[in-house]
Amino acid sequence: MPHSHNVTEFIFLGFSSSQQVQRLSFVIFLLLYIAIVLGNLLLILTVVSSTSLGSPMYFFLSCLSLVEICYSSTTAPKLISDLLADRKAISVWGCMAQLFFMHFFGGAEIFLLTVMAYDRYVAICKPLHYTTIMNRRVCAVLVGIAWAGGFVHSIGQILLIFRLPFCGPNVIDHYFCDVLPLLKLVCSDTFLVGLLIVANGGTLSVISFVVLLASYVVILVHLRTRSSEGRRKALSTCASHITVVTLFFAPLVFICLRPSATLPVDKLVAVFYTVVTPLLNPVIYSLRNAEVKKAMENLWIRTVKLMTDRG
């Protein structure tokens, strides 16, 4: 680290200094994190084990669930352990690692949601060529591009923050390391860095969101020529994705497209996109998709039968 780094660790303020509130929060966030991991693992297992869910849409869905587990795991375990700790500290290196992986998995999710929108566009607008265009090789390449895009985005963010001088104070008014709270602790002018960060994170979010909106506008225009039953079936496959996209991008755009300043509501907004959205994704996709619900039922029946036979 450069000599200008006099700080060796950061201290999180968290949500509240009340011990009672922290204990209650510990139980709530622990249950939420367990639900995130189990829910997304169940969705992955259902897709992998079911022959009826072999289309690219479900392959991308299982990849999204994997990203959600990784994404929430960058902040939730530390948050949960800190709720029982008297001193909520993280080393500078640990802070940079948390920052890197959060933007890595968050960027990968943005690209993956865009890929899923493209998949729906091909399936609805070019149904006769769908299996040719979205073959296994293309799907694997698109997922690889999503992970690579997240990596490049995260490297850009970490390079902007890594060499900034942290001379003190070292108290972060948040529950995890993120760009905007860290910028408040830098002992030099951060105007240019703040602009670059907005250009990197904010532009990525806005461009991806515009591409997603454009793809669904094209889909809606194309559906005008379909029968009412065809429109209903096509829209039902898109409704879950649109809901997830809205839940993910609304708080993200709020955080990214602002000057380099923090607001009291930022913690609650951060809870939404780091905990609530990863929790809701498997629920949304399973409840609104008859094929996924049927595959889950079959998986449960096979599991019970296997356990009964072994017993």
Side-chain angles (χ1 to χ4, degrees), residues 1-17 71-79 81-83 85-110 149-207 249 251-275:
M1 301 287 283
H3 293 299
S4 55
H5 285 271
N6 297 329
V7 172
T8 59
E9 66 177 9
F10 295 106
I11 307 297
F12 296 130
L13 290 182
F15 292 103
S16 172
S17 58
Y71 183 62
S72 61
S73 296
T74 60
T75 57
K78 175 63 175 171
L79 166 63
S81 63
D82 280 348
L83 287 169
D86 295 328
R87 191 168 180 269
K88 303 170 179 58
I90 186 171
S91 68
V92 171
W93 287 103
C95 182
M96 294 301 157
Q98 189 179 59
L99 180 68
F100 171 80
F101 284 110
M102 183 178 178
H103 283 271
F104 173 38
F105 295 123
E109 181 167 356
I110 290 175
F151 180 79
V152 172
H153 161 68
S154 184
I155 284 292
Q157 295 289 75
I158 203 70
L159 289 178
L160 289 171
I161 292 292
F162 184 75
R163 298 190 63 83
L164 291 175
F166 295 99
C167 312
N170 66 337
V171 178
I172 300 177
D173 188 14
H174 217 306
Y175 65 91
F176 65 90
C177 287
D178 204 1
V179 175
L180 295 181
L182 283 174
L183 285 179
K184 294 183 68 176
L185 305 182
V186 175
C187 49
S188 66
D189 181 53
T190 60
F191 177 75
L192 179 58
V193 173
L195 288 179
L196 292 175
I197 287 171
V198 170
N200 182 21
T203 303
L204 170 63
S205 300
V206 171
I207 291 177
F249 275 95
L252 197 64
V253 171
F254 173 80
I255 292 292
C256 292
L257 293 186
R258 286 210 328 261
S260 300
T262 56
L263 300 175
V265 74
D266 285 357
K267 294 179 187 179
L268 295 178
V269 175
V271 168
F272 195 85
Y273 66 77
T274 59
V275 178

Could you tell me whether a side-chain N or O of [X] sits under 3.5 Å from a main-chain N or O of [Y], the two making a donor and an acceptor?
| X | Y | answer |
| --- | --- | --- |
| Tyr175 | Val271 | yes |
| Gln98 | Thr74 | yes |
| Ser91 | Gly94 | yes |
| Ser154 | Gly150 | no |

Between [atom1] of [X] and [atom2] of [Y], what distance do you get to the nearest 0.5 Å?
| X | Y | atom1 | atom2 | answer |
| --- | --- | --- | --- | --- |
| Met102 | Asp178 | CE | CG | 5.0 Å |
| Leu185 | Ile11 | CG | CD1 | 11.0 Å |
| Leu183 | Leu164 | CG | CG | 6.5 Å |
| Thr75 | Leu99 | OG1 | CG | 12.0 Å |
| Leu182 | Phe162 | CG | CZ | 13.0 Å |
| Leu180 | Thr190 | CG | OG1 | 9.5 Å |

Any side-chain heavy-atom pair from Lys184 and Asp173 closer than 4.5 angstrom?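 No. Closest side-chain heavy atoms not under 4.5 Å.
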Can you find a pair of side-chain heavy atoms, one from Gln157 and one from Ile161, that are under 4.5 Å apart?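 A side-chain contact is absent here, since even the closest heavy-atom pair is not under 4.5 Å.
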Write down the atom of [X], the atom of [Y], and the distance for their closest heavy-atom approach.
| X | Y | result |
| --- | --- | --- |
| Ser72 | Pro77 | O-CD, 3.9 Å |
| Ala89 | Glu9 | CB-OE1, 3.8 Å |
| Lys267 | Gly14 | NZ-O, 2.6 Å |
| Ile155 | Phe100 | CD1-CE1, 3.8 Å |
| Phe12 | Ile90 | CZ-CG2, 3.5 Å |
| Gly107 | His153 | CA-CD2, 4.2 Å |

Tell me whether the rings of Tyr273 and Phe176 are parallel (<30°), tilted (30 to 60°) or perpendicular (>60°).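 Because their plane-to-plane angle is over 60°, the rings of Tyr273 and Phe176 count as perpendicular.
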Indicate the ring-plane relationship of Phe105 and Phe101, choosing parallel, tilted or perpendicular according to the 30° and 60° boundaries.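 Parallel, since the angle between the ring planes stays under 30°.
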Is Phe151 atom CZ crowded by more than 12 heavy atoms from other residues, nucleotides or ligands, each under 6.0 Å away?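 Counting other residues, nucleotides and ligands, CZ of Phe151 stays at 12 neighbours or fewer.
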Mind checking what makes side chain to side chain donor-acceptor pair (under 3.5 Å) contact with Ser73, not counting sequence neighbours?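 With neighbours one apart ignored, the set is Tyr33.
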Partners passing side chain to side chain donor-acceptor pair (under 3.5 Å) against Asn170 (at least two apart in sequence or in another chain):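 Listed in chain order: nothing, the list is empty.
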Working for side-chain contact (heavy atoms from CB on, under 4.5 Å), residues Phe166 and Val186: CA-CA 5 Å; Phe166 295 99; Val186 175; 3.6 Å; yes
